[in-house]
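Here is the naming used below: chain letters follow the sequence lines, and residue numbers restart at 1 for every chain. Heavy atoms only: backbone and side chains are in, while hydrogens, waters and symmetry mates are out.
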Amino acid sequence: MSALLRVEELRVGFGRRGTGSVVDGVSFAVHAGRAVAIVGESGSGKSVTARTLVGLAGAGSWQTAEALEVLGKPAPLGAGPSSRAWRSIRGRQIGLVLQDALVSLDPLRPIGREIGDAIRLHTPLSAAQRTARVLELLEAVGMPDPAERIGQRSGELSGGQRQRALIAAGLAADPAVLIADEPTTALDTTVQAQILALFETVKARGTGLLFISHDLAVVSRIADEVLVMRAGRVVEQGPAAEVLGDPQHEYTKALLRAVPAGVPRGRRLSEGAGAPGAGAQDAVDAAAAASLEAPLDLMSGGSVLEVRDVRKTFAVRGRERGDVRVAVDGVSLEIARGTTLGLVGESGSGKTTLARMVLGLATPDSGEVLLDGAPWAPGPERLRRARRPLMGAVYQDALSSFDPRLTVGQILADALDVPGVRADPRDRHSPVAEPGSGARTYPSGRDAAGAEPTGANRAARADRVTGLLEDVGLAAETAGMRPIHLSGGQRQRVAIARALAPGPELLICDEPVSALDVSIQAQILDLFDELQRTRGLSYLFISHDLGVIRHMSDRVAVMKDGRIVEHGTTEAVFASPADAYTRTLLAAVLPPPGPARTL
Amino acid sequence: MSVLPEGSVAAGWSGAAGSAGSSGPVGSAGSVAGRGSRRGRRLGLGVGQWVSLGFLLSLVLAAVWPGLLAPGDPLAIDPRAAFVPPGWGHPFGTDESGRDIYTRVVHGAAPSLVIGVAATAIGVGLALVLGMLAALAGRIVDFAVSRLLEVLFAFPGLLLALLVITVYGPGVVTSTVAVGLATAPGYARIIRSQTLSVAASPYIEAAVVLGKSRGRILARHILPNALVPVFVLVTLGVGQAIVWAAALSYLGLGAEPPAPEWGAMLFAGKNYVTSAWWMTFFPGLVIVLAAAATTVLGRALQKRGVR
Amino acid sequence: MSGVVGARRADARGWGPLLRGLLLRLAGAVFVLWAAATLTFFGLRLIPGDPAQALLGGPGSQASAEALAQVRAENGLDQPLILQYLAQLGRLATGDLGTSYAQKNSVLSIIGSQIGGTLLLAVLALAVAWLIALGLALWATRGGRIAAAVGSGLEIVAAAVPHFWLALVLVLIFSTTLRWLPAVSTSGPAGLVLPVLTLAIPLAGFLGQVIRESVLDALAAPFTLSARARGETENGIRWRHVLRHGALPGIALSGWAFGWLISGAVVVETVFARPGLGRTLLNAVQLRDVPLVVGVVLVVALGYVLVTVLTDGASRLADPRERAA
């Protein structure tokens with residue numbers, strides 16, 4: 001069987017021809033009814049590869065290939081991006097589906113028009129025939145109420161519906177090959193499972209699939225062949241079962257190891273800085289196992305956080321007066337000292353509203369929050385302020401949580417300069433610092449009287465900033481940089497350092513790793529784990545990712561429509577879920593890729 | 001008068017505001033990066049920006065030390081040299097009394113710039129008070145100020161300035177104040193929305209979580225960040241204020257001839273447009289260049305401000 | 001196809017909030033007009049001097065005490081301020097804008113006779129400005145650095161050019177040198193060309209900057225990439241996608257543009273000696289003819305408010321995202 005799409009030694013770069021290459025020697029072939037997946041982290045060149053195949057690599061790019069054939073004919077690689085030759089291939093021979101359908105469909109046009117455009121461009125069908133075909137397509141991609149949706153714009157649809165519409169647009173002119181670039185990335189777990197099932201039916205109908213993703217679990221579900229890309233090069237390529245089941249290249253192995261799903265709590269996901277190799281991993285595991293017992297002592301301290309029956313409603317705009325949406329509906333939680341409570345739920349389940357109430361940023365309509373057994377919220381901010389240092393927060397979007405004018409050093413110094421900062425939070429819990437644990441006594445920035453810092457202790461302040469940076473694995477020079485110039489992982493480390501600065505007991509982490517690549521995510525999760533062990537921290541860890549939640553949590557709460565539908569130890573919830581929704585959620589989770597693991 | 005279409009300035013800042021709001025469970029890194037690279041290409045001073053900066057600096061020099069660029073007396077009358085067209089000796093020509101237009105244009109820089117800067121200062125100063133009050137002093141104040149701004153917007157463009165002049169009579173001071181007052185509502189709206197978006201940004205929440213007091217958050221985070229676009233507003237605004245003050249002078253409501261102020265020179269040349277075009281052409285050209293140069297620099301600042 | 005379906009959808013969900021939004025806007029408009037009238041009424045009381053004196057021709061008129069008293073009684077100036085204010089509101093509500101001091105004529109009839117020419121000028125200028133701005137923005141974003149630099153340079157200079165100077169340059173070129181068009185506005189269409197261009201070009205500069213910015217955003221947006229990946233042509237992308245996104249912020253600026261055009265009309269009508277509301281206003285300001293100034297200002301405020309309500313409705317129609325807001 002001849003290939004629908006064949007690429008050999010594809011090179012793409014930006015700048016002068018031959019320089020600045022971002023794709024360097026990629027070869028593969030897509031066959032009918034088969035799926036090739038390119039997997040890699042951001043900057044690996046996977047998306048550029050996909051776009052080059054339809055002549056849309058971008059302005060200022062150059063492309064060369066030993067062969068690029070679409071349906072057996074050479075593609076017009078040198079032709080301009082808007083040339084007729086490319087336009088006859090796009091949509092007709094190769095369809096492209098982008099991620100995030102909210103911005104990938106024109107927000108001002110009904111989806112019916114968007115889907116119909118591909119038909120109008122490539123077939124002689126009349127307007128009425130096009131409408132009929134669009135309805136067929138919407139039906140085929142499993143869109144509910146196609147007749148109604150056809151006139152709606154992308155903003156009026158849910159995330160899953162938008163992605164279905166985008167796939168329908170990609171399939172509209174019946175292309176032989178469909179390229180899907182991160183088509184499930186922004187979707188909830190259950191919706192992701194539905195969309196993947198849709199791609200499987202597309203594949204079964206004989207369409208060749210090229211699937212671009214950063215998510216190894218997704219790739220292992222859909223792909224027949226896998227290319228692992230890193231910095232523009234293919235590091236490993238072959239049948240999916242081999243590459244994911246028995247990886248040969250170190251990078252592939254590291255990627256697979258970084259996936260938290262099925263990795264027991266406390267075990268490292270990333271290579272430790274000074275401990276590469278399998279032997280060291282055992283040592284780390286042993287240390288982790290030992291340290292897991294340590295928090296148990298601390299649990300005698302009771303609950304660090306107690307949430308009692310909180311409820312929060314929002315007025316709905318544009319509707320009848322008094323119409324409200326219940327965001328959080330009678331939630332009660334408890335976090336034992338030194339442990340992690342994982343809060344999992346899909347978008348709109350009320351996780352973030354709950355986090356904001358715990359942080360004292362939103363006032364509950366009813367119910368209360370207790371910190372260290374004392375009332376925390378509701379109440380005036382004035383009363384909370386003195387105890388603020390006990391609770392820190394880490395957000396998904398670290399960059400926007402930093403004042404854009406400040407450097408990392410200034411951000412951290414600001415965080416240290418609040419009343420009530422404890423000189424060394426570990427004093428309270430671990431009177432004898434372990435010699436190897438890197439325990440450090442920070443010189444206090446303020447004297448007992450709480451005087452403003454003077455020139456003499458400005459140096460002391462700088463030392464404390466350096467210490468904080470070291471604790472989160474950043475170089476001292478980072479202090480002089482602005483967050484905008486840091487990578488995503490570094491920004492999240494700075495955010496963690498800021499949260500640690502006042503010496504908190506509890507961190508509220510709201511999707512702290514959701515925007516990160518899997519290898520960076522692994523490092524940040526390991527950092528959270530290490531900090532918990534060395535500092536006896538407690539976490540409220542919020543995520544939509546069940547794998548992350550399982551790896552991080554001692555106890556798990558599952559949230560849906562503002563309620564906790566299931567609550568228990570991680571073991572119990574994952575092994576024998578009692579609630580129907582939890583079971584649906586777990587069923588939608590893709591099995592972790594790679595060598596067999598216990599889920 | 002809202003000399004600037006607020007949309008244009010606000011649009012420039014929406015980038016900053018937009019990036020502050022996080023999106024969905026996973027941020028759409030692709031679109032952000034795309035936007036960043038487009039902005040990125042415009043950073044750094046281009047040729048147009050250097051030329052604009054040079055022109056504005058020479059205007060400032062002309063205002064501070066006019067004798068250096070034009071040693072003559074801007075008011076010296078020479079009836080024998082009336083209506084001399086541009087050429088050697090009189091590069092911009094002479095007026096009906098034989099005064100050298102070039103000398104007058106150079107000496108006119110000081111009053112014209114002072115009027116432009118003063119009008120902008122009045123407008124932005126008032127706007128700062130109104131805009132910050134609306135954004136930070138609670139809902140009742142916000143409601144009142146916002147309604148007041150809406151009402152002032154109903155006197156668009158020159159109308160508010162003309163009302164002020166009707167009440168207080170024409171003259172340099174009145175027209176300067178009038179331009180300032182008329183620009184204030186537009187500035188106030190931009191400052192209000194910028195302050196609101198800063199106050200609602202995640203880094204302010206992060207400061208609350210750290211236990212910072214309201215006063216400290218205001219002083220350390222809200223004010224400095226909300227004031228950044230004011231620099232852009234001032235830069236864009238001075239050029240436009242010069243244009244509008246000159247328009248009032250041209251209509252006979254501002255500075256009066258024979259003062260070497262650009263608008264007054266235009267007013268004086270009005271009756272000789274067809275016979276001695278240079279009398280109005282050159283003062284007008286300087287106004288156009290000054291306004292264009294401030295726009296170029298203001299936009300450059302604006303692009304730089306979008307992080 | 002989807003047009004029909006779209007209309008049905010709008011019926012079910014779209015029109016309700018749309019109508020409610022419009023009603024709210026109208027209520028706001030009435031408030032703004034009331035406040036504008038109130039502000040001008042009390043603001044003008046700040047004028048030094050006696051309104052009765054002004055009615056009789058200003059301080060130089062040597063009016064007798066009896067004459068002043070009579071004028072006061074006739075115009076209700078001897079009443080308490082609050083009663084005068086209420087009477088003024090009552091008159092405004094019935095459309096009575098008072099009598100011009102200088103022209104001794106009903107303000108309403110003066111405005112009625114002048115407004116037509118100004119509206120014609122403004123509407124033509126708005127149309128021409130939109131054409132220039134859209135054309136320039138689409139051309140400047142066609143690709144290539146030179147087009148982009150030239151486009152943005154033209155926009156900045158156009159926006160910086162004051163009306164009076166532009167008028168001068170146009171007259172020098174087209175009347176004095178080429179002798180194609182009259183320097184002074186005549187009644188025929190030829191007399192309209194230069195005033196309309198003078199008014200339109202700076203506005204086009206402002207609109208162009210805003211439109212080009214959003215055209216660039218739309219061209220960089222993922223939905224444009226999606227459309228290209230479907231095989232859409234460059235023209236198709238511009239007409240079906242980019243144009244609408246580009247026009248939206250321009251539409252939102254219409255209220256501002258209206259004010260800009262009326263202000264410009266003050267200058268342009270003066271330069272080209274063209275009868276109209278702008279020149280009437282300028283004369284009234286110079287003569288400090290308070291009732292006429294206030295009348296014109298209130299009529300312009302009414303126009304501004306109407307334009308904002310209409311453009312608000314228009315952008316809600318064009319952009320479904322606005323409807324939720």
Discussion item. Within the 4.5 Å heavy-atom criterion, are C:Arg228 and A:Ser82 side-chain neighbours or not?
Written reply: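 Not in contact.
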Discussion item. For a side chain to side chain contact (heavy atoms under 4.5 Å, CB included) check, start with the C-alpha distance between C:Arg240 and A:Asp106, then their side-chain angles and the critical distance, and finish with the verdict.
Written reply: CA-CA 10 Å; C:Arg240 283 172 211 282; A:Asp106 192 331; over 6 Å; no
Heavy atoms only: give me the nearest [X]-[Y] pair and the separation to one decimal.
X        : Y        : answer
C:Arg230 : A:His122 : O-NE2, 2.8 Å
A:Arg87  : C:Thr233 : NH1-CG2, 3.0 Å
C:Pro222 : A:Leu98  : O-CD1, 3.7 Å

Where on [X] is there a heavy atom nearer than 4.5 Å to chain C: the side chain, the backbone, both, or neither?
X        : result
A:Ile111 : neither
A:Arg92  : neither
A:Arg84  : neither

Worksheet entry | Donor-acceptor contact below 3.5 Å, side chain C:Ser226 vs main chain A:Ser104 |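 Here the side-chain-to-backbone pair exists.
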Worksheet item: For A:Arg109, does its backbone N or O pair with a side-chain atom of C:His241 as donor and acceptor, under 3.5 Å?
Response: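 Such a contact is absent between C:His241 side chain and A:Arg109 backbone.
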Discussion item. Is C:Thr224 in contact with chain A via its backbone, its side chain, both, or neither, using a 4.5 Å heavy-atom distance?
Written reply: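 No part of C:Thr224 comes within 4.5 Å of chain A.
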Worksheet item: If you count heavy-atom pairs under 4.5 Å between each of A:Ile179, A:Leu56, A:Val97 and chain C, which one has the most?
Response: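 The answer is A:Leu56.
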